[in-house]
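Side-chain atoms are counted along with the backbone in the values below, which use heavy atoms only and exclude waters and symmetry mates.
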Amino acid sequence: MLASYILFFLLFLVFPLGTLIMKSVQDQKGNFVGLKNYLLYLQEPALFQSFFNSLFIAIASTIIVVLLAFSFAYALTRTCIPFKGFFRVIALIPLLSPSILAAIALVYWFGNKGILKALLFGNSIYGPIGIIFASVYWTFPHALMILSTSLSLSDSRLYEAAEVLKTSRLRAFLTITIPGARYGIISTSFVIFTLVFTDFGVPKVIGGNYNMLATDIYKEVVGMQNFQMGAVISLVLLLPSLIAFFIDQYSRKKQISLLTSRSVVFKPKKSFAVDSLMLSYCAFITLIILLMIGMAQFGALVKYWPYDLSFTLKHYQFEVAGLGWESFYNSIRLAFYTAIFGTVIIFVGSYIVEKLRSDERLRGILQLFTLMPMSVPGLVLGLAYIFYFNAEDNPINFIYATMTILVINTIVHFYTVSHLTGVTALKQMDKEFESVSLSLKIPLYKMFWKVTLPVCLPTIFDISIYLFVNAMTTVSGVIFLYTYNTTLASVSAIHLDEQGDVAAAAAMAMLIVYVSVLVRIIHTVFTKGVLRRTQAWRQNSLTVVEEVRKA
Amino acid sequence: MSEKSIPTFLSVEKLSKNFGSFEAIQDISIEIEEGEFACFLGPSGCGKTTLLRCIAGLEKQSSGSITQKEIEISMLPPSARDFGIVFQSYALFPNLTVFSNISYGLINHKWGKDKITSRVNELLDLVGLKSHMAKYPGQLSGGEQQRVALARALATSPGLLLLDEPLSALDAKVRVYLRKQIKDLHRKLGITTIMVTHDQEEAQSMADRIFVMKDGKIIQSGSPKEIYEKANSSFIADFIGITNFIDAMVLKKNKVACNAFEVNCDTEDLNLGHPVRLAIRPESIKINHTVSDVENCVGAVIMENEFLGPFLRIYVESTSLSNELLMIDVASNSFTEMDLTPGTQIHIALPPDQIRVYLRD
Amino acid sequence: MFKLLTRKIPISSILATTFSVLLSFSTSVFAGELLVYSSTDADNLKYYMEEFQKDNPDIKVNVVRESTGTMAAKMMAEKDNPQADFLFEMAATVALNMEAEGMFYEYTPKGMDKIDQRYVDKSAPVTWVGNYGWAGCICWNRIEAENLGLPKPKTWAELANPIYKGHISMPNPASSGTGYLDVSSWIQIMGKEKAWKYMDALHKNVAVYTHSGSKPCKQAGSGEFAIGISWPGRAIKIIKAGAPIDMIIPEEGIGWEMQVVAIMSGTDNLPDAKRLMDWTLGRGMSLFGERQSIIADPSKITKDPDLPDFYDEVQAKLINNNFVWAAANKTRIVGEWKQRYDGKTEPKK
């Protein structure tokens, strides 16, 4: 079992990447040239600029996102503000929208003809400001999810102790809340850093002349078809992400659970000043997100922005451009398959890593593999797939240019987060269940069906929706891999934008948002229904996590 | 103790287990008889749980072998061995009812519905939980959950019952109650049982035989009484029950010198001048108001006393004997006649046959 | 029933089933089908391919369209095991590198003699043919320009005037074929030294270099920047959509680029690929003439009465572009361009 997963990763991650990395030490004809490409690259004037630009953007976005998301998460978990559910739902919207949507909305708001252009004080949206704004926008939900989990796990006894000792709310915040969420904050920082550092969608559409490593790869590969240099930059790009990632893993290991079974779940107390401050803050953030989405929707409905603002539905007749509803249906198919197959593969994988007794070294290797996709940019993975799977002597060459390769690519691309979600849920299960089953001579798979699966059902639903939503919006990994009968909505949106059909691009992007929202709603309703039947046992015995989820 | 009339049920030979460079258990050999209640006792990290898990097959030994009923099982997977197990955390399946938890292991037996139901009922009777059949584990108290776990482990009628710190997560009162229930069950079913615990009281009250472990080795084994009375090291004497330690030095055969007092005791074959540590249980020290001619009698002052229900524990100072306070337990029904208020001058006597002498290093 | 079934299935067989179902989505292309790669405009492509399909109902045409760069990257990456049967339209400066790599199949389509010789592969063996082209132009937003008080330029040279500072957007030659067309044509029109001097001055005025050749005109159309250096086809489309755009054909002449059509070597459907090739120079040509202004057989052009008559002007201003030179020197020229402008570009205020 473990071996089959190692094989999976070798086939769909390690070998393809290896093939691509090989290119970095070859010339255009495929001869070995050692480090010549690297030396050439080091001489490029753009290199250091791009590197520092990427670093600057990633760090600035990380700081802003962590501050914003922390405050938002704090408001949701530690105050008594109303409409928490509403705020939470809206805050997750950026997760459902392709990056082109943020770019279009930003141009409409802050571009040279933008309504709010004055707010930039003469600075251009095409550049670091736009990249940071859009990066903050799309990474905000990621940060919010991690931070609200880490903020919601807290022991109210600590706060009672502080109150008895006459500690001010501010001091309690600084001495209990912040240290308690420390690892969450560190973890979030690294995740956001990696996401922004490796993303090429945002800088490509809003970056203007601002060079970053991810767009450099794009220019080398797409502009010049220079795969050798593209591979070199990919490696340069991989480096900081990998370092960030391993530091994060290291700090995770040092994290000790602050919550014991005897902890009492924190219940926020009312405070007019704090609550009204936080309420206005949440309302403000929510408003910004709604304004972004609203502008994109508006842009999709007007005839010709900004000169003819009369409403029309014609931009939804994508037939005009030849890229249309078919790609939209394909995207739904891709998302559906990715959710189904990805959930099975990833959850079983996390079960194997977490619960089955196996060779420690192999397990370590598999764990490393599961963490790798996080730091591999989609563009790099997509290219690597062409080189590897289109080779004539590859026995699984037949999956090339099919729906299968898109599904697998998407699963691998979004593997890490889903895997960690699965592992977290499994860790909460008693580690002796397997021992008990073995002692009762019940094969583990029977227990898997009867206990593990039903208990982890909420997590499994979460993984599937995560995969679905990401498969709807992903571009970078699949842009090289789709074929005539597997065109995708997210890619179409980009094409429409490139062609100048901004309104149609916005329309397509909004369709993606709507379908994701719809699936989310169905998911919520369905989950509630299924959980009512399968999770009866939870009703009288809420675990800490459940209580947190409810609160 | 008994001659070879009772057959050996389980024998462990030269078993070792390493985790990397850490040796969790080293070269352990033990034999457990059919129907015996054995207990692995020791402080945390002594390797007792590892030993149990090796016997269950949940860990794979690094070397050595395990034989159960004359069949070598060392290489068998847990599912091919014959045992039931109960864990400290209960490990009840949260999404299954009490009934389904207990019947969980019976699915494999291809029994009919009726047979399963009657077997579960029988077990629920055994642990006294008949009325909780349809509940989920989360709706039960800790003690009830552990009884369900016990019933689940016994459901398939295994030859060996393994208990891994089964009572450690429970409240004191429930713990004492369950101790008795498990013991009764053992007596009723006669199933060979191995329990792991760090609680010496638990071990003493339940086990037929105790294996005391330290740093991956078994350092003493025997009946609870033997272990208590004839602890073979100061570590065990300290670990099992409560003991007074008095530093001394061997003066001559059967005579040791404390601060300013010479004590008669069995020095066995210890050399002269060797530093030793005397151990004596609080209940073994006798007290008198006047000097008597019993052996090892010395003056002391009562510093403090604690009422502990069935007995009174007094703390006395006797500087000629030791720099530390000594504890003496006096039965509740006997101390009413004596004045034991702090400050009272008394005499204490240490009966030589109650004193254990250990080497001091 | 489901419960009964599932309880008996080991995890390993779930995995096995998952993978086999997943792999079963891989359906290969059947013979009798033609896989066409293209980087032309999506709506035009759809129209042409539908018409071809009507003329040849026995052939099933499957089309993949990507922007020039992405398509080329995909094709070069697939080089060792080509997927496509046919390349329908890709910028010559990119496609000719593929010819050099031996990626095209040798075939001389019927009707080669009827077209403009500039569209013909002159180095034997014949592997490709140009069918139509596009050129550089300036998109000029009347409304914005008036608001900003900008004079309407007539030449490329005028764009270097500092009054246009911050009002021009232009495609980046490193990532856009149109961008390279402009740069390579300026070098051919002005000569190497003067061209770079011109671009130095132009660089100071450019507000943004885009990754797509259409985007500058689109931006001009939406008023983002008053001037977009782009291409006529896009300009026409935007004018038709209602934007206040004038198309300017600079007097020095305009660089142009043709779309190349070729059969991919390694095709497993040669007969149908040949039919598409022949169709391109036959009925296809009149269809191109309905929609394009620069085609291999200019006699087939149908002028759109709704648009200003720019057809002859465009034809007249096309420079004598040396495609082979432009393709062969792309890496060098773009490298120099990047050295000068890309590495040190900062976001413009």
Side-chain angles (χ1 to χ4, degrees), chain A residues 1 4 44-46 49 111-113 122-124 126-128 204 208-211 218-219 221-225 227 303-308 320-323 341 344-345 348 383 386-387 390-392 398-399 401-404 407 445-446 448-450 479-480 483-485 495 498-500 502, chain C residues 6-7 9-12 14-15 18 22-23 25-28 35 41-43 45-46 62-64 67 69-70 72-74 76-78 80-81 83 174-175 207-209 211-212 214-215 217-218 221-225 234 237-238 241-244 331 334 338-339 342-345 347-349:
Chain A
M1 293 275 278
S4 60
E44 288 235 354
Q49 192 63 52
N112 287 344
K113 296 299 288 176
N123 291 304
S124 166
Y126 302 101
K204 179 180 174 269
N209 312 326
Y210 197 73
N211 290 314
Y218 181 79
K219 271 188 260 176
V221 169
V222 171
M224 307 295 296
Q225 294 89 48
F227 302 118
K303 241 180 207 150
Y304 197 89
W305 194 88
Y307 298 110
D308 184 353
V320 183
L323 301 159
F341 297 108
V344 173
I345 292 172
V348 172
L383 256 187
I386 301 189
F387 286 122
N390 191 42
E392 237 169 330
F398 65 89
I399 68 165
T402 61
M403 189 51 121
T404 308
V407 174
Y445 69 84
K446 281 199 183 164
F448 181 84
W449 283 113
K450 199 161 179 182
I479 195 159
F480 291 110
T483 185
Y484 67 95
N485 54 1
H495 286 172
E498 269 171 5
Q499 286 201 90
V502 192
Chain C
T6 52
R7 295 275 156 79
I9 303 172
I11 303 170
S12 47
I14 311 176
L15 281 182
T18 306
L22 194 47
L23 293 181
F25 293 129
S26 323
T27 44
S28 44
L35 182 58
D41 256 20
D43 48 357
L45 178 64
K46 186 174 152 82
N62 298 315
V63 186
V64 178
S67 56
T70 313
K74 187 176 162 79
M76 295 295 261
E78 289 177 349
D80 296 332
N81 184 19
Q83 292 287 318
S175 47
V208 72
Y209 291 107
H211 292 299
S212 134
S214 297
K215 198 155 185 178
C217 198
K218 185 183 83 183
S222 62
E224 276 298 297
F225 305 104
R234 173 59 46 204
K237 204 162 170 190
I238 285 174
T331 311
V334 171
K338 278 164 76 182
Q339 195 95 8
D342 210 22
K344 59 186 180 195
T345 43
K348 297 289 164 324
K349 295 281 156 77

Which pair of heavy atoms, one from C:Ala73 and one from A:Gln225, lies closest together, and at what distance?
N-CG, 3.7 Å
Are the side chain of A:Asn390 and the backbone N or O of C:Asn81 linked by a donor-acceptor pair below 3.5 Å?
yes
Of the backbone (N, CA, C, O) and the side chain (C-beta and beyond), which part of C:Val334 lies under 4.5 Å from a heavy atom of chain A, both, or neither?
side chain
Sub-4.5 Å side-chain heavy-atom contact between C:Asn62 and A:Thr483:
no
Which region of A:Phe480, side chain (C-beta onward) or backbone (N, CA, C, O), has a non-hydrogen atom less than 4.5 Å from a non-hydrogen atom of chain C, or is it both or neither?
both
Out of the candidates A:Ile386, A:Ile479, A:Val221, A:Leu383, only one should pair with C:Lys74 under the side chain to side chain contact (heavy atoms under 4.5 Å, CB included) rule; please name it.
A:Ile386
Could you work out, with ring pair (Phe, Tyr, Trp, His ring centres under 6.0 Å) as the rule, every residue matching C:Phe225, not counting sequence neighbours?
A:Tyr126
So what's closer than 4.5 Å to chain A heavy atoms on C:Gln83: side chain, backbone, both or neither?
side chain
